[in-house]
Structure formats: structure tokens, C-alpha cells
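Structure, as C-alpha cells:
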Amino acid sequence: MATDFKSIPIIDISPLVAKCDDPKRVQDPDVLEVVGQLDQACREAGFFYVKGHGIPDSLIKDIKNVTRKFFDLPHEEKLKIKLSAATGYRGYQRIGENITKGIPDMHEAIDCYREITPGMYGALGKIIEGVNQWPHDPPYFKVLMEEYISFCRDLSRKIMRGIALALGGSADEFEGERAGDAFWVLRVIGYPGVSNTNGQNAPENDIGCGAHTDYGLVTLVNQDDGITALQVRNLSGEWISAPPIPGTFVCNIGDMLKIWSNGMYDSTLHRVINTSPKYRVCVAYFYEPNFDAAVEPLDICKEKTGGIKKFEKAVYGEHLASKLETNFV
């Protein structure tokens, strides 16, 4: 359960990154310090910045630059990879086509998912079967994004190993049938700036993305430099800004981790409002359970929360499919 936090903690996870697969990691005081900080951040805010993550700054910047170049293209060019149910909800969506709680979001985006071959998950995966639609312009878009996804997948796994230790389990608590074959989602997002021309070009609403929680385990948010737009809600309902900090990702936990932790860690509401006149780009990587994973409170977490199971079992793929069917115009 989130508290009345006033700021979002910054965690240097470099000791965990270096030693997360070391059998002696739990004897390392630096690793244990990171684990303790992860536990506190997940309990109190559900959000934290990570630095010392090991992903090259040059790649992080290249990802934002190539994203901006795509969104600078004419609409007809972007629509060549238009998202639809027939594409497995993969591809480009125009401003206002993404819906949060019935209200159009003021952003455009490319949605990508781990590719699913026909029949891979039977009826469960039918809705999202397909391959990603990568733009041909910029020509290096796909190569850069796939390199970035590989880095993010590795980093997310390491963070989850730290979170597993923070919950009191073994480092591989979320591997095997839970997230050993982790699904992933990538959203490449552009938020228009607020016009200063007497309000004539202002959008009908200023909500870049409405208040929501994420679906899976952990999210890595690569924010545009110099524009504060991401806001996180604390227990009292105040919206706390998460400004971009160079060299960091914003990391937050999702609905499936909330269930596995039996509510010890909550998936915190957050939203995006771009009040800057500048166009803002953001790339969010979502690290998820196995697509067909059955998610229910871990025994170690039930023991720590009074022995009562607070959530019923959920299947991750069903949870995702229910969201996809209501997320788009």
C-alpha cells in the first residue's frame, strides 16, 4: 500500500546488477543494502528511480532520438504501420485512439509485444498473435529497438531477482513457470506540447495518459530530458511529479506483482500531463510474467500478511487481453 510519499527514491542498483547471479549474493552487504532499498520503495511508493543499471547512456539517447524522428514523419507515413485487431494490436495509433477509463489519451504511440506464433498459447494468445510492425523510416529503428529490448529484458530480470529477495524468497522466485519465459511489452510514445498561440490549438483535454496502473511485474520508463510530465499518486491522493533524472530509469511495479506479493507491494496509480510547449517522447518497457502464468499470492507473502489470501488467481494473458479489448477506439 502506497504511503504519503512526497518524492520518489533513487536506488543505485549497480551491486545487484553485478552480483545478482552470484551464489554468494545474500552475503554481500552492498547487495543486501540494495534489496532493503527496493523493499522500502516498493512498500512506500511502488515507484523508484534506478541508476547504475548498466545500459549505455548512448543507447538510451539514441532510442529517444529515433523515436522523435518517427513521430516527426507525416501522418500518412506513420499510418503505414497502423495498429488494429488484425495486427494483434501491434503498430501505430494516432492521438486520441488510446483510451484510459473511457477518455481519449493525448498521445500517439507504437505498441510492440513479444511475438507470438499462431497456436503458441491456444485460445489464450489468439488476440495478440502476430509479429511487430516496425517502421522502415528511420531505417535503423528496428535494430535499435531490438537491441534496447534485449538490454531492458536483462535489467528487468535482475531487478526482479532483487525484489524476490526483498519479499523474503529465493532470487529465482519469479523464474520457471512464473516469469522464466517472460512476456514483454514496449510502448514508444509521443506527447504533443501545449500550444501558446492563444489556446487556439490546445487539445480538448491535457491528459497525455490518464490515471492507470501497469499490468505486469516491473516497468522501465525512459523519459525525455528536461520535461516533467509523469505524476504518481500517493495515499492522500496528491500527485507527485517524477521529473527526468539523467542516467536513470523510472521503475514501477505492476498488477501481477501486487497479486504475487499479496498486496505487500501495490501497483500505484500514475498519469502523464505534458504542460510544456515542447513535444515529449517516452519509451516504456514492461517486463511481464510468462504469458500463460497463473498468478496468485506467494506463500511467503501470505505468511507476512496475516495468512489470508487477499487476491484470487489471475492468468496474465487473460488480464492483458481484457485490457487490449477496451483500450482502443
Side-chain angles (χ1 to χ4, degrees), residues 1-5 9 20 26 32 34-48 100-101 121-125 127-128 156-185 211-219 232-237 251-270 286-327:
M1 176 70 70
T3 61
D4 281 335
F5 60 91
C20 85
V26 294
L32 293 179
V34 174
V35 168
Q37 290 180 36
L38 287 171
D39 183 50
Q40 183 175 358
C42 289
R43 287 176 185 271
E44 295 183 355
F47 268 76
F48 48 95
T100 301
K101 297 181 180 176
Y121 295 110
L124 178 66
I127 187 175
I128 203 169
S156 299
R157 173 183 170 271
K158 290 173 179 175
I159 292 171
M160 282 306 304
R161 287 177 75 77
I163 287 175
L165 293 172
L167 286 169
S170 65
D172 58 359
E173 200 74 41
F174 293 104
E175 297 185 7
E177 293 182 354
R178 292 176 178 140
D181 189 30
F183 194 68
W184 57 261
V185 179
H212 65 285
T213 58
D214 292 346
Y215 309 154
L217 291 174
V218 291
T219 306
V232 184
R233 198 174 81 169
N234 70 13
L235 185 60
S236 293
C251 185
N252 63 280
I253 63 178
D255 298 337
M256 299 297 103
L257 183 51
K258 175 182 179 177
I259 294 173
W260 262 320
S261 71
N262 205 34
M264 288 171 59
Y265 298 165
D266 204 352
S267 47
T268 311
L269 278 171
H270 52 287
F286 304 85
Y287 186 75
E288 315 288 86
N290 296 354
F291 191 81
D292 56 356
V295 181
E296 55 187 329
L298 299 172
D299 289 341
I300 53 172
C301 296
K302 283 189 292 184
E303 291 170 10
K304 292 184 176 183
T305 51
I308 298 169
K309 180 180 175 182
K310 296 181 180 179
F311 303 98
E312 294 303 314
K313 181 170 69 175
V315 175
Y316 167 71
E318 290 177 355
H319 185 65
L320 178 62
S322 71
K323 300 290 186 180
L324 289 175
E325 290 176 322
T326 58
N327 262 19

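- Ring geometry, His319 versus Tyr215: the interplanar angle exceeds 60°, so the pair is classed perpendicular (tilted spans 30 to 60°).
- Within the 4.5 Å cutoff, side-chain heavy atoms of Tyr265 are placed close to those of Asp39.
- Between the CD1 atom in Ile128 and the CG atom in Leu320 there is a gap of 5.0 Å [rounded to 0.5 Å].
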Carefully, step by step, assess Leu269 and Thr213 under the rule side chain to side chain contact (heavy atoms under 4.5 Å, CB included).
-> CA-CA 5 Å; Leu269 278 171; Thr213 58; 4.1 Å; yes
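- Closest non-hydrogen pair, Cys301 versus Leu167, comes out as SG-CD2, 3.9 Å.
- For the residue pair Val35 and Leu165, the shortest heavy atom distance occurs at CG1-C, 3.8 Å.
- Asp181 places no side-chain N or O within donor-acceptor distance of the main-chain N or O of Phe291, the cut-off being under 3.5 Å.
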Side chain to side chain contact (heavy atoms under 4.5 Å, CB included) between Ile308 and Lys302, worked out = CA-CA 6 Å; Ile308 298 169; Lys302 283 189 292 184; over 6 Å; no
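- Just one of Leu298, Ile300, Thr305 meets the side-chain contact (heavy atoms from CB on, under 4.5 Å) condition when paired with Met264; it is Thr305.
- When every heavy atom of Cys42 is checked against every heavy atom of Phe48, the shortest pair comes out as SG-CE2, 3.9 Å.
- Using the six-membered ring where Trp is involved, Tyr316 and Phe183 have ring planes that are tilted, between 30° and 60° apart.
- Closest approach of Val218 to Ile253, counting heavy atoms only: CG1-CG2, 4.2 Å.
- Contact check for His270 versus His212: side-chain heavy atoms found under the 4.5 Å cut-off.
- Rounding to the nearest 0.5 Å places CG of Asn252 at 11.5 Å from CG of Asp266.
- Remark: Lys258 does not engage Asp255 in a salt bridge, criterion side-chain N to carboxylate O under 4.0 Å.
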Please report the C-alpha distance between Arg161 and Glu175 in whole Å, then the side-chain angles of each, then the deciding distance to 0.1 Å, and finally whether the side chain to side chain contact (heavy atoms under 4.5 Å, CB included) criterion is met.
-> CA-CA 9 Å; Arg161 287 177 75 77; Glu175 297 185 7; 2.8 Å; yes
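- When all heavy atoms of Ala314 and Ile259 are compared, the closest pair comes out as CB-CD1, 4.0 Å.
- By the 4.5 Å heavy-atom criterion applied to side chains, Trp260 and Pro289 are counted as neighbours.
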Given side chain to side chain contact (heavy atoms under 4.5 Å, CB included), test Phe174 with Leu257 step by step and report yes or no.
-> CA-CA 10 Å; Phe174 293 104; Leu257 183 51; 3.8 Å; yes
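- Side-chain atoms of Ser267 do not come within 3.5 Å of backbone N or O of Asp214 as any donor-acceptor pair.
- Using a 4.5 Å cut-off on side-chain heavy atoms (C-beta onward), Glu288 and Met256 make no contact.
- A donor-acceptor contact shorter than 3.5 Å links the side chain of Asp4 to the backbone of Ser236.
- Once rounded to the nearest 0.5 Å, the distance linking SG of Cys20 with CE of Met160 reads 12.0 Å.
- Closest of all the heavy-atom pairs between Leu38 and Ile159 is CD1-O, 4.3 Å.
- Listed for the Arg178 side chain is a donor-acceptor partner under 3.5 Å among the backbone atoms of Glu173.
- Separating the CD1 atom in Ile127 from the OH atom in Tyr121 is a distance of 15.0 Å, to the nearest 0.5 Å.
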